[in-house]
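Following: one structure in C-alpha cells, then a few remarks.
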Amino acid sequence: MVEIRLENLRKTFGDVVATDQVNIVLAEGELSTLLGPSGCGKTTLLRLIAGFYKPDSGRIYFDDRDVTNLPPYRRNTGMCFQNYALWPHMSVYDNIAYGLRLKRINGMKYTKAAIDRRVKEVVELVRLKGLEDRHIHQLSGGQQQRVALARALVVEPDVLLLDEPLSNLDAKLRMEMREEIIRIQKELRITTVYVTHDQHEALSISDKVAVMDHGYIQQFGPPREIYANPQTIFVADFIGRCTFIDGVIKSIGSHIEVRLPNGQTAHGRATIQGYPFEIGEKVKCAIRPESLHLQRHTPEDNEITGTVVRTIYVGTAVEVYFQIGEIHAEALLGPDTDVSPGEEITLYARPTEVMVLPLGGVEALKKVPGHPLFRSSTSTATAVSA
Amino acid sequence: MTTGEQLQSEELVESEDLIPDTLSTRVREALLALPGVVARRARSFVGRVGAALLRGLRGLVAILRDPRAAVSRARERLHASVRSLRQELDTMSIAQLVGVVGVFGLFLVAPLLSVVHFSFTDPHTGSPTLAHFVRLFSDTNIWPWYYDAVNQRWEFFIDLRTVQFAHGVLTIQGWDFGAIINSIYVAIIVTIFSVLLGVFFAFVIARYDFPGKSVVRTVLIFPILATPFVGAIGVRYFLGLNGFFNNLFYTHLGWWPFAIELRGLAAIIFIQSLSFFSLVYLNAYSSFMSIDPSLEEQAENLGARGFKLFRTITLPLAMPGIQAGAILTFILSIEDLGTPLVYYDDPQARKTLAFQVFSSIATQSGTIDPKGPAIGIILLVFALIGFLVIRKYASLRSYEAGTKGGQWNPRTRPLSIPATVLLYVLLIPSLFLALIPQISVIVLSLAKEWPTTSPLPSVWTLDNYQVLWAYQDVTRSITLTLLYGAVATVIIVLLGTSAAYLIARTDIPGKTALDLLVTSPIALPGIVIATGYFTLFYNSIFFPPGAPAFLITMSYTVRKFPFTVRAAYAGLLSTPVVLEEASMNLGATKNQTFFKITMPLIGVSVLAGSLLSFVYSVSEVSTSLILGSVGREQAPMTFWTYEVLRLGGTMGGYFHAACLGVLMMALQMAVITITNKILGARSSAITGI
C-alpha cells in the first residue's frame with residue numbers, strides 16, 4: 001500500500017490547460033474519487049498517475065519514491081480502462097495471467113503453478129469462476145468489467161486506478177459492480193483512485209472526493225465535508241442542489257450578514273475556514289433545498305418569500321419550485337405540504353444553513369493562508385502578501 | 001490475516017513460486033513450448049476439419065435415413081428464402097440484384113467455369129480428359145521432373161545456380177525449377193520481403209513521431225502508383241549491366257569490386273517486392289491505427305514494453321490486416337504478367353505461370369493452346385484458396401474493439417534524437433529503393449542519350465513524349481483506354497452502389513455469397529478471366545475476331561468492381577440506418593429515400609471508389625495484354641506500352657515506353673491524391689482488402 005502525493009501538477013495539450021495546480025495527498029488504503037464534468041481534467045490526472053502522460057511541471061510521489069519520470073510499466077499500478085481494454089485475441093485466463101507472466105522479482109519470474117494459483121485466487125475474488133477459458137466476446141458487460149478488475153488486481157499493484165469503470169453498464173449492474181468494487185477495495189485495502197462524473201456514485205463509494213472543474217481541483221475531502229461545506233460555488237452547484245442569491249457583505253460577526261438585492265438582510269455562515277471576508281465584498285448565498293422549512297426555529301432565521309411555480313410529489317417529500325423575483329428557487333418540504341402554483345409561500349432557513357461563498361471560485365481560495373490545495377504554489381505567496 | 005494482506009505483502013511470495021529468468025532459461029522454455037504450440041495449432045485445425053466432416057456426415061446420414069423428410073425440409077427452406085426474398089425486395093432491388101448477378105455471372109463466373117471445362121475436355125472428341133495436365137507436367141518448362149523412357153529413369157531440369165561471377169560481372173538469378181515451382185517460390189519470397197518492409201514502415205509511421213514524417217508517409221503511397229509492369233521498365237534499365245547503379249558504384253566511384261546484374265527470377269523478386277510491399281504497408285498501417293490505444297496502454301500498465309509489447313499485443317491485434325495484405329501480395333505476385341513480360345528475352349523470366357498462360361493464348365489467330373487454361377486452373381486454385389482464407393480468417397478475427405468511451409488519440413510517441421538519426425539511416429536507403437521504379441521511369445522518359453558508362457543520361461529531352469501524340473497507334477490506344485475506363489466506371493458505379501446497398505441494407509438470403517462474389521475479382525487472376533473470355537466467347541457476338549473492345553470494357557468492369565463496392569459499402573456502414581428510416585417515416589418511398597437521402601450521403605465515398613476503379617482500369621495489364629493481342633486496332637494503352645518497348649525504330653524502345661508509364665503514373669497520382677483528400681483516413685480501407 002502506498003500513499004500518492006501530487007505536487008503542483010500541471011499538464012497542457014498545446015494551448016489547452018488540461019489540469020493545473022494539483023496538490024493533493026491520496027492516503028494509503030483509501031478510495032479517492034476524481035469527480036467532475038466531462039473535460040474537467042480528471043482522466044488526465046489519472047493518466048498522469050498511471051504514467052501515460054508526463055506532467056509539464058510538478059511531481060508525483062508514491063510514498064517517498066518520485067515516480068514522475070517513471071514509464072508506466074515501472075510504476076506497478078493496476079489500471080482499469082473505461083472500455084475495459086480486454087485483449088480480444090486472448091482468453092479470460094490469458095488476459096488475467098498476462099501481467100504475472102511479465103512480472104520479475106529480483107530477476108526471478110513466477111512459475112506456471114504460481115501463476116495458476118494466483119489467477120485462481122483473483123478469479124474467485126471477482127467471482128468469475130468457471131469462465132477462465134471463455135473468449136472476451138463471449139462475456140457480458142459485467143463479466144468483462146470483472147475480468148478487467150481481476151487483471152489489474154492480480155499483479156498486486158501498489159495503486160488501483162479505475163477510469164469510469166461503471167459507465168458502460170446498465171443501472172442495475174452498475175449498483176451491483178459498485179458494491180463489488182467497494183468490497184474488493186476494502187478487502188485488499190489497496191490505495192485506489194476512481195474517476196467518475198456521477199456525483200451519486202462518488203459520494204457513495206469514496207473515502208475522499210476531489211471535485212474538479214476546468215483543470216483545477218476545487219475541493220478535496222470526505223463526501224460529508226464536500227456536501228456540507230462546499231468551498232466554491234461550482235462545488236455547491238455540482239454536488240447536490242442549491243438556490244443561489246447574490247448579495248453584498250454588510251457585517252461579520254457570529255454570523256455573516258449579507259444585504260440582498262431586495263433590501264433584506266440574510267444571516268449565514270462561511271464554509272471556507274480562514275477566508276478573509278471583507279465588508280462590501282460581493283458574495284453568493286447558497287441554500288440547499290432541504291434547508292428551507294415552513295416553520296421558524298430561531299429568531300435569527302432567514303425569511304424567504306416567493307411565488308410557487310410548480311410542485312412535484314416524490315412520495316417521501318414534496319419538491320417545491322418557486323420564484324423569488326428573478327431567482328429560481330427550490331425547496332424540499334415534508335410529504336404533507338399542500339401548496340399549489342401561484343400561491344405565495346414563506347419559508348425559513350437557519351443562519352447555519354445559509355452558506356456564504358466568495359465569488360472567484362478557486363482563485364478566491366488562494367487568499368486563505370496556507371490553504372492545503374495551494375500549499376507549495378508560488379501564486380499563494382503573492383496572494384498572501386497582497 | 002485477510003486475503004488482502006496476503007496478496008499485498010511481497011515477503012509472502014514463496015520461494016518455490018519463483019524461478020530464475022535468464023537468457024538460457026528463456027531459450028530453453030521457448031524450445032520446450034514449441035511442440036506444445038505446434039500440437040495445439042494442429043489439434044485445433046484437425047478438430048475444426050473433423051467437426052465440419054462430422055456435420056456433413058451426420059447431415060448425409062439424416063438424408064439417407066429419411067429421404068422424404070429431407071426433401072420436405074429442403075423444400076421448406078427454399079420456400080422460406082423465397083418468402084424472405086419477396087419481403088426484402090421491391091422492383092428496384094430486384095432490378096439491382098438481377099443486374100449485379102447477371103453481369104458477374106456472364107463475365108466472371110461463366111468464363112471461369114469455361115476455363116475449367118476447357119482444361120478438362122479433349123478438344124477433338126469433347127470427352128473429359130486429364131491429358132492437358134499430363135502434358136503440362138511432362139513439359140520441362142513447367143515441371144522439372146520427367147521420365148526418360150529410353151534410359152528408363154527419372155530425369156530433371158533444375159538449375160540451382162544463383163550467383164555467378166564472370167568477366168568482372170556478378171550475375172544474380174533465381175533457381176529454376178520450372179514454371180509452377182518458380183512462380184510459387186517467387187511469390188513466397190516476394191510476400192516475405194513485402195511483409196517485412198510493409199510492417200516495418202507501417203509500425204514506424206503508426207507509432208512514432210519524427211521530423212519529416214508526413215513527407216515519408218506521402219512518399220510511401222507512391223509505390224502503388226506504378227504497377228510492376230511500368231516499374232519493371234525503369235528498373236530493368238537502372239539495374240542493368242550499364243545502368244545507373246553499376247555505372248555509379250562500379251565504373252565511377254569504384255565502391256563495388258565488380259558490376260552486379262540482377263536477372264530472371266531474381267529481378268522479378270526484386271521488382272515485385274518493391275511494388276507490392278506498399279499493399280502490406282497500407283493494410284498493416286490501417287490495422288495499427290485501428291487498435292484501441294487502451295489495449296496497449298493496459299499492457300504497459302501491467303509491465304509490458306518494447307518488443308514484448310509489440311509481440312504479445314500489437315502484432316496479434318494487427319494480424320488480420322497484415323495477413324490480408326500478405327495473401328493479396330502472394331496472389332498478385334503469382335499472377336503478375338507485367339514483370340516477366342518486360343524480361344521477355346530472359347529465358348528464366350519466361351518460366352513463370354503467368355508468362356506461360358500469356359504465350360499460349362496471346363496469338364493473333366485466337367487459337368488457344370490448352371496448356372493455357374490448364375495453368376489457369378492452377379492459378380485459380382491458389383487465388384480462390386487465398387481469397388477465401390482472407391475473407392474467412394481475416395474477417396473472423398478482425399477485432400472490432402470496444403470503441404465505447406475512452407480516449408482515442410493515436411498512440412504516437414516522439415523519438416529521441418539518436419533514434420531519429422538511426423531511423424533515417426534505415427529509412428533513406430529503403431525509401432530510395434522503394435522509389436527506384438518511379439524515379440527510373442521518369443528519368444528514362446527524359447533521356448535522349450545514355451552512354452553505357454554514365455550513371456545518368458548525358459543528354460536530356462522532352463521529345464520522347466511525342467510518342468503520345470505522334471505515334472498514331474499509341475494516341476488511339478490512349479483515347480480508347482480512357483473510353484473503356486469511363487464506360488466501365490459508369491457500369492461499376494451503377495451496379496456497385498446497388499450491390500453495396502443490397503449487402504449493407506437488406507437481409508436477402510445468399511447475401512454473404514453476393515458479397516464474396518463482388519469482392520472476389522480483387523484476388524482472381526486477370527489472365528485466367530481473359531483466358532475464359534477466349535474459351536467462352538471467341539467468335540460470338542461479344543468477341544468477334546479482331547474486336548475485343550467490348551470484352552476489354554467488361555473485364556475492366558468486373559476486375560475493378562471491388563474498389564467501388566467497398567467504398568460504397570464503407571459509406572453505408574458509416575451512415576446510420578435511422579437517417580433512412582426517418583425519411584421513410586415521413587412518407588418517402590424506398591426509392592425516393594435511396595436517391596434523396598442515401599445517395600447524397602454516400603456519394604463522396606462512391607466518387608472516391610469509382611475514381612480508383614477508373615484509374616486501375618487504365619493501368620490494367622493482364623487482361624489488356626491478352627485481349628489486346630488479338631485486336632491491335634482496339635488494344636488499350638498498356639498493350640501498346642509493351643509494343644513500344646519491344647519495337648525498335650524512332651518511336652520504340654525504353655525511353656518512349658517510359659513516357660507512357662509516366663502518363664499512367666501521373667493519372668494514378670492525381671486520382672489517389674484526390675481520393676485521399678476526399679476520404680481521409682478511410683482511404684486505406686478501400687485500397688486495401
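Proteins get letters first, then strands, A, B, ... in listed order; numbering begins at 1 in each.
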Subject >> Toward chain B, the part of A:Ile115 with a non-hydrogen atom under 4.5 Å >> reply: neither

**OP:** Quick one: list whatever passes ring-ring contact (aromatic ring centres under 6.0 Å, His included) with B:Phe200, sequence neighbours left out.
**Re:** none

**OP:** Return the option, out of A:Gly51, A:Pro71, A:Ala85, with the maximum number of heavy-atom pairs under 4.5 Å with chain B.
**Re:** A:Ala85

**OP:** Examine A:Tyr93 together with A:Tyr98 and report whether their ring centres are nearer than 6.0 Å.
**Re:** no

**OP:** Please determine, among A:Leu100, A:Leu102, A:Val155, the option with the most heavy-atom pairs under 4.5 Å with chain B.
**Re:** A:Leu102

Original post:
At a heavy-atom separation under 4.5 Å, does A:Ser167 approach chain B through its side chain, its backbone, both, or neither?
Top reply: neither

**OP:** For the pair A:Arg178 and A:Glu201, find out whether any cationic side-chain nitrogen is under 4.0 Å from an anionic carboxylate oxygen.
**Re:** no

**OP:** For B:Ser24, enumerate each residue passing the side-chain hydrogen bond (donor to acceptor under 3.5 Å, both in side chains) test, keeping only those at least two apart in sequence or located in another chain.
**Re:** B:Thr22

**OP:** Among A:Leu31, A:Thr192, A:Thr33, find the one that has a side chain to side chain contact (heavy atoms under 4.5 Å, CB included) with A:Asp207.
**Re:** A:Leu31

Original post:
Side chain, backbone, both or neither: which part of A:Arg104 has a non-hydrogen atom closer than 4.5 Å to chain B?
Top reply: side chain

Original post:
Which of the residues B:Glu300, B:Glu296, B:Gln298 is involved in the greatest number of heavy-atom pairs with chain A at under 4.5 angstrom?
Top reply: B:Gln298

**OP:** Could you check if a side-chain atom of B:Glu297 sits within less than 4.5 angstrom of a side-chain atom of A:Phe81, using non-hydrogen atoms only?
**Re:** yes

Original post:
Taking the side chain as C-beta and beyond, is there a heavy-atom pair between A:Lys109 and B:Ile19 under 4.5 Å?
Top reply: yes

Original post:
Under a 4.5 Å heavy-atom cutoff, which of A:Ala50, A:Cys80, A:Ala148, A:Pro72 has the most pairs with chain B?
Top reply: A:Pro72

Subject >> Portion of A:Arg101 that has a non-hydrogen atom of chain B nearer than 4.5 angstrom >> reply: neither

Original post:
So which part of A:Phe52 gets closer than 4.5 Å to some heavy atom of chain B, the side chain, the backbone, both or neither?
Top reply: side chain

